[in-house]
Amino acid sequence: MTRLIARRLIELIPTLLILSVIIFLLQRLLPGDPAIALAGDDSDPELLEQIRRQYNLDQPLPIQYLSWIGGVLHGDLGNSMRLGRPVLDLILDRLPVTLQLAVMAMFFALVVGLTAGIISAIKQGTIWDYLANIVALAGISLPNFWMGIMMILFFSVMLGWLPASGYVSPAEDLQRSLLSLLMPAIVLGSGIAGVIMRHTRSAMLQALESDYVRTARAKGLFESRVVIRHAMRNALTPVITLGALEFGGLLGGAVLTEQIFNIPGFGKLIVDAVYNRDYAVVQGVVLVTAIVYVGMSLLADIGYVLANPRLRE
Amino acid sequence: MRKMSVVAFAMTTAVMTGSAFAQTELRIGMRDDPGSLDPATNATFVGRVSLQSICDKLVDIDADGNLQPMLAESWQWSEDGKEVTLSLRQGVVFHDGTPFDAEAVKFNLERYLTLEGSRRRAEISTIDKVDVLDDHTVKLTLEAPSVSLLTQFTDRAGMMISPTAYGATTPEEFANRPVCAGPYTLAEYRPQQQVVLEKFPQHWRADQYSFDKVIYSAIPDSNVRLLNLRSGELDLAENVAPNDIPSLEGDSNFKVAVGDQPAFEMIQFNLKGPGANPDVANNVAVREAFSLGIDREAINQVVFGGRYTTGNQPFPPSSMWYNPEFPVPARDVEAAKAKLAEAGLDKVDIDLMISTSPERQAVAEMMQAMLSEVGINLNIQPTEFVSMRQRASSGDFQAYVIGSSGRVDPDLNISLTFECGTANNVGGYCSEELDSLLAKGRATADPEARKPIYADAIKVIMKDMPGIYLYNQRAAYAMTSKLEGFQPFPDGIIRLEGVKLAE
């Protein structure tokens, strides 16, 4: 297990280096001068020159890259041109928000997806199976944007139960914090719940038909024990992979959902940064997201081992 | 099930605490984040709105666009329009207690002119020298006469920051924590979330501001902004889309305020740059055919529900600077075809670059359909905003649509786009006649005497047609019907003086 983790961490280094070059170059291939974006209505040539000088945009690309990556190795991700703050501060400010949203969305997705998947597999062909499938399909296919607006309309405008948008930090008020992210988490989680439900269902069906389940039943075990101890445990492996990947995706920022609910997470940060050619922010966010993503797949691998003793060597 | 009841309980408590809140705060929904809050480096409209409440300016405007004293109590122009003497208000203090005086004005103006990365330099570069005559009098000497300088002082270039506070911190820090002399101090600025202001009790007009706290939230989606207003989480929302107005007007809980602005939307043609289309650049008649071939009224009705102003000049027809000799032309396909024939052409292809917004797309498509009947084939090129600006400034375009929030002084509405060699004159239009009129206008202080000068300037633009004005935007605000005393201003900036919430 330790070796697995160590190997994965070492693999991470070249991946991130290559990624840093790609993200650095890709952005510079985008047409549009950050100085023009930053100057606003005023495109006074002298001002543009000053801005380029101030942010090293007048230097050759390799030098710009080296000075950026040099800073990164020292824990300095540079400064946001548009927001005038260190990128690291912005990320540390947003990461907890995005994490909280992702955890809440994932929690919702797992509870709903696993429950529905297991029920529909056990009750295959019944009305419960069809119902669960319809709900899953709806979760996957309803656009987040539409669902978000409808939820705001219903729960905030009509019923007045939940705040329409915005975010409250848990440090400030835990209850209001959970409420402020409830709708976004459901909107985000519903699609994932649908996917998890479908996967759980098929994995469970497969497991329930397998020999070891037949044996377990033949031994006279209670059906609940058969389902939970024997079938589910084996069916979980693909679901863990899926969950980890989906969770990684959530951390990349749920752009639309954050936009609708006005949540200051990664998505909003990076979208604004891309539109404004705020290079340092885009680079910093992508880098951190990549690290978290790789970290999640590592956790998934550890999860397999825990769920499946055959992988423990 | 247990989880459900916990949530339901949480919801109920949230509702209860929500309604028990005492109302001394005003919550405003803005379209975006303000960016830097240093008036020297701010470059956004939203920034101007927040800064209006934080930083008092030398001069302000009233709801009709007339200059009003603010930190400068009065001003005196010299005969030749090259010197202006400002008498400053006494007894004013900055948020940090530093007194506001002539030295502070000198410090501020010189900072705007010399600071690396200052966005204000171009606006007030006509200032040659700032002299302190006594504690409360400064004299500005200009390189060339420029009456519109005072209008610049009604915006960020006239905002005064505390010299002591600025000296005590780094410019980056200051941009997040400006210290000025306005009715509110900055309590908190969370980028992309909100700006929170608290009342400054020592302000010279503190009694006219009723809120203890003002919160500007950045909510880019206009639908979501309105939903927040409807659910009671905002008291006021700016930049309401024209098509959302009818639903609000039918609801007695809300009201809408719409104000005329000197804003305009126009097509700028490339006359000189490398990407210019010679058929368009060399023939005024083709550009005239373009103007005659579109139905401005229909565009306003269809795309904006008639809630913008149908216009054809850089100011709306209601403005004192509008030249009535050139009313909005009616669409005339035959006349437009005749113009094309006059240029010796029966068919013209024009690439029109627009930024990617649904409204601009709709306007462009309407023009495309209208112009196809004339023989002009409009090829619409939607381009992401920053890329578009880049292509425009490098002259790599045939025609493009730009919007301007406009300025209160007529000079800037024309000179920024059409004076020879100015930065935003990306089409490369240059007319000695227009430039001399603009110079004369800047040297004339009396509005009545300026009127015929700008009327002539419009005449030149209508004759040479370096661009075509499509419509004038209006600013729309939606608010709870409890909000009293709010009125729109021609610069679109929200002013909180005299605004209050009824019990």
Side-chain angles (χ1 to χ4, degrees), chain A residues 30-34 36-48 50-51 53-54 79-80 82-86 90 93-94 111 145 148-149 152-153 155-167 175-176 178-180 182 259-264 268-269 271-272 275-277, chain B residues 3 7-8 10-15 17-18 32-33 35-36 38 41-45 116-123 125 171-172 175-176 190-194 217-221 223-224 227-234 383-391 393 404-405 416 423-424 426:
Chain A
L30 272 181
D33 181 346
I36 291 183
L38 196 61
D41 283 342
D42 189 356
S43 42
D44 174 19
E46 202 179 320
L47 170 66
L48 295 181
Q50 286 183 2
I51 294 175
R53 223 175 19 245
Q54 208 173 341
N79 276 308
S80 159
R82 197 174 100 88
L83 300 170
R85 296 185 180 206
L90 289 170
D93 203 35
R94 308 302 164 98
V111 169
F145 194 80
I149 297 266
I152 297 179
L153 208 58
F155 291 109
S156 307
V157 178
M158 283 169 63
L159 297 174
W161 287 358
L162 291 169
S165 67
Y167 171 71
Q175 181 182 320
R176 279 179 58 216
L178 293 177
L179 285 176
S180 73
L182 190 61
Q259 193 92 345
I260 301 164
F261 292 101
N262 215 41
I263 295 161
K268 209 165 137 70
L269 186 65
V271 166
D272 277 9
Y275 278 132
N276 290 292
R277 306 290 186 273
Chain B
K3 184 172 173 273
V7 171
M11 284 172 175
T12 349
T13 30
V15 175
T17 45
D32 203 354
D33 187 68
S36 158
D38 180 342
T41 51
N42 178 275
T44 65
F45 172 80
E116 176 97 337
S118 163
R119 310 285 192 279
R120 307 283 86 80
R121 193 190 49 249
E123 294 169 4
S125 57
E172 291 78 29
N176 292 320
R190 279 194 256 168
Q192 296 179 315
Q193 294 178 66
Q194 55 183 19
S217 299
I219 308 179
D221 188 284
N223 253 320
V224 175
L227 286 172
N228 273 282
L229 179 72
R230 284 184 189 277
S231 68
E233 279 154 71
L234 289 178
T383 311
E384 183 264 340
F385 187 73
V386 178
S387 311
M388 182 182 84
R389 289 288 298 267
Q390 169 114 16
R391 280 184 63 187
S393 57
S404 168
S405 52
L416 286 180
N424 281 328
V426 292

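Throughout, a chain's letter reflects where its sequence line sits, starting with A, and its residues are numbered from 1.
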(request) Provide the closest heavy-atom pair for A:Q50 versus B:S118 in the form atom of the first, atom of the second, distance. (result) OE1-N, 4.0 Å
(message) Within the 4.5 Å heavy-atom criterion, are A:R277 and B:S387 side-chain neighbours or not?
(response) yes
(message) I'd like to know which of B:D38, B:L416, B:N42, B:N176 tops the heavy-atom pair count under 4.5 Å against chain A.
(response) B:N176
(message) If you compare all heavy atoms of B:A218 against all heavy atoms of A:K268, which two are closest, and at what distance to 0.1 Å?
(response) O-NZ, 4.2 Å
(request) Look at B:M388, B:E172, B:E116 and state which one has the largest set of heavy-atom pairs under 4.5 Å with chain A. (result) B:E116
(request) Kindly indicate whether the side chain of B:P220, heavy atoms from C-beta on, has any atom under 4.5 Å from the side chain of A:N262. (result) yes
(request) Would you mind checking which part of A:I260 comes under 4.5 Å of any heavy atom in chain B, side chain (CB onward), backbone (N, CA, C, O), both or neither? (result) both
(message) What part of A:F261 gets within 4.5 angstrom of chain B, counting heavy atoms only: side chain, backbone, both, or neither?
(response) neither
(message) Shorter than 4.5 Å, heavy atoms on both sides: which option in B:R190, B:Q194, B:Q390, B:R230 has the most such pairs with chain A?
(response) B:Q390
(request) Would you mind checking which part of B:E384 comes under 4.5 Å of any heavy atom in chain A, side chain (CB onward), backbone (N, CA, C, O), both or neither? (result) side chain
(message) So which residue, B:A175, B:S231, B:S404, B:G232, ends up with the most heavy-atom pairs under 4.5 Å with chain A?
(response) B:S231
(request) Answer with side chain, backbone, both or neither: which region of A:I263 has an atom nearer than 4.5 Å to a non-hydrogen atom of chain B? (result) neither
(request) Working to the nearest 0.5 Å, report the span between CG of B:N223 and CZ of A:F145. (result) 6.0 Å
(request) Using non-hydrogen atoms and a 4.5 Å limit, figure out which bit of B:D221 sits close to chain A: side chain, backbone, both or neither. (result) side chain
(request) Mind checking the CG-CD spacing from A:L162 to B:E233? Nearest 0.5 Å is all I need. (result) 9.5 Å
